[in-house]
K.L.:
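Structure incoming, see below.
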Number of protein chains: 2
Amino acid sequence: MNSLNYAVKILKKAGLRCTPGRIEIVSILLDSEHPLSQEEITAELSRNGLDRVTVYRALEAFLKVGIVHRVETGDRLWRYALCACGSRKHCHPHFVCRECGRVECLTGVKLPTFTEPKPGYKVEEQETYLKGICPECAEP
Amino acid sequence: MNSLNYAVKILKKAGLRCTPGRIEIVSILLDSEHPLSQEEITAELSRNGLDRVTVYRALEAFLKVGIVHRVETGDRLWRYALCACGSRKHCHPHFVCRECGRVECLTGVKLPTFTEPKPGYKVEEQETYLKGICPECAEP
DNA sequence: ACAGTAAACGCAAATTTGTTGCGTTTATAT
DNA sequence: ATATAAACGCAACAAATTTGCGTTTACTGT
């Protein structure tokens, strides 16, 4: 199934409307290897793209119904990635390159789970960021 | 030793000037159980406090010489805590309460260290945020 | 197919958080 | 005491995101 059709399916399942704009956003996220910011998404939209605000609102709606997760890596940009696990909890750590700023989901890396790291402190969500240098930026 | 005297010591050791403003900022951080934002610090300053910009610049200077570490927990606020370990790397995870927004350093909790989670991806710094509900906010 | 309705949209303006420029004050080494 | 670089205050700026509001559009139920 191509990503446009799959995007429709995702939106329908989430109970959101299948507008051309939202379908395209989901499809862009589907095709991306890493979480994207509003600006990156807007840049990939077809010529007569969407308003910034519309993209922000769509992403917020996606977050609310749990089809994306949101990461903040220290550069004060929200980035969004489709969330296979279907919850807002981050099931994997994220790698952030200090050179190019790209964020990568380390889906293969398992994390220890903390439920109550200190008496009375109940954990609902867990995020780990590994910051460093990615293979492309490490090139000599 | 009271926190004002200790603050002077910290600043001297870091090679920074002991101005009344910076001494007070360090002393506020010393007395705090958790990382503080510029706004929280400014609120705790004595009546004729400091300009926002001055606080930001002081915190930036502290970060540069490594006497504080900075956390960003997803609400787009920088928070700063004195750093016993003397490095900018975060040696412990942080707990973030979804109700009151307060951030706590989990100094007792050990984390597994990743050096190369994926071939070619070199980790320099590692941050873990545990988000949930703190004992005070969990009260019925 | 068609009308009604809530969701989605676009545009303008506002908000929030942090930064820069620049002239003045002050801690500290000499 | 004095020179000087660090620290400061004020005003203006900047980037990312949010809010308000009127218009358009996808979908539900005839």
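Lettering of chains follows the sequences in order, A, B, ..., and the numbering in each one begins at 1.
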K.L.:
With respect to the side chain of Pro20(A), which nucleotide from dA12(C), dA26(D), dC8(D) is positioned closest?
P.N.:
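Among dA12(C), dA26(D), dC8(D), the one nearest the side chain of Pro20(A) is dA26(D).
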
K.L.:
Whole-Å distance between dA14(D) C1' and Arg76(A) CZ?
P.N.:
12 Å

K.L.:
Want to settle it: does Asp75(B) or Leu16(B) sit nearer the 5' end of DNA chain C, counting the closest nucleotide to each?
P.N.:
Asp75(B)

K.L.:
Report yes if a side-chain nitrogen or oxygen of Thr19(A) is closer than 4.0 Å to either non-bridging phosphate oxygen (OP1 or OP2) of dA7(C); otherwise report no.
P.N.:
no

K.L.:
Taking the minimum atom-to-atom distance to the side chain of Arg57(A), which one of dG20(D), dC8(D), dT17(C) wins?
P.N.:
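Selected nucleotide: dG20(D).
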
K.L.:
Which is more 5' along DNA chain D, the nucleotide nearest Leu77(A) or the one nearest Arg17(A)? Just name the residue.
P.N.:
Leu77(A)

K.L.:
Using whole Å, what does the distance between atom C1' of nucleotide dT16(C) and atom CH2 of Trp78(B) come to?
P.N.:
14 Å

K.L.:
Nearest-Å distance, CG (Asp51(B)) to C1' (dC13(D))?
P.N.:
15 Å

K.L.:
For Leu59(A) and dA16(D), give me the distance from atom CG to atom P, rounded to whole Å.
P.N.:
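These atoms are roughly 15 Å apart.
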
K.L.:
With side-chain hydrogen bond (donor to acceptor under 3.5 Å, both in side chains) as the test, pick out the partner of Gln38(B) among Tyr80(B), Trp78(B), Tyr56(B).
P.N.:
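Exactly one pass, corresponding to Tyr56(B).
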
K.L.:
For the side-chain hydrogen bond (donor to acceptor under 3.5 Å, both in side chains) test, which of Lys131(B), Glu104(B), His69(B) pairs with His94(B)?
P.N.:
His69(B)

K.L.:
Can you check the Glu40(B) CD to dG18(C) C1' distance for me, whole Å?
P.N.:
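Taking CD of Glu40(B) and C1' of dG18(C), I get 16 Å after rounding.
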
K.L.:
Which is it for Ser37(B) and Glu40(B) under the side-chain hydrogen bond (donor to acceptor under 3.5 Å, both in side chains) test, yes or no, and what are the steps along the way?
P.N.:
CA-CA 5 Å; Ser37(B) 64; Glu40(B) 292 169 311; 3.2 Å; yes

K.L.:
To the nearest angstrom, how far is Glu39(A) atom CD from dT18(D) atom P?
P.N.:
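Distance, rounded to whole Å: 15 Å.
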
K.L.:
Contact class for Arg22(A) vs. all strands (heavy atom < 4.0 Å): base, sugar-phosphate, or nothing?
P.N.:
sugar-phosphate

K.L.:
For Tyr121(A) and Glu116(A), does a side-chain donor sit closer than 3.5 Å to a side-chain acceptor?
P.N.:
no

K.L.:
Could you check how far CD of Glu60(B) sits from P of dA6(D), rounded to whole Å?
P.N.:
14 Å

K.L.:
I need the OH-P distance between Tyr56(A) and dT19(D), as an integer number of Å.
P.N.:
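The distance from OH of Tyr56(A) to P of dT19(D) comes to 13 Å, rounded to the nearest Å.
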
K.L.:
With a 4.5 Å limit on heavy-atom distance, are the side chains of Val96(A) and Leu130(A) in contact?
P.N.:
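Not in contact.
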
K.L.:
Picking from dG9(D), dT19(D), dT19(C), which would you name as closest to the side chain of Arg52(B)?
P.N.:
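Nearest nucleotide to the side chain: dT19(C).
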
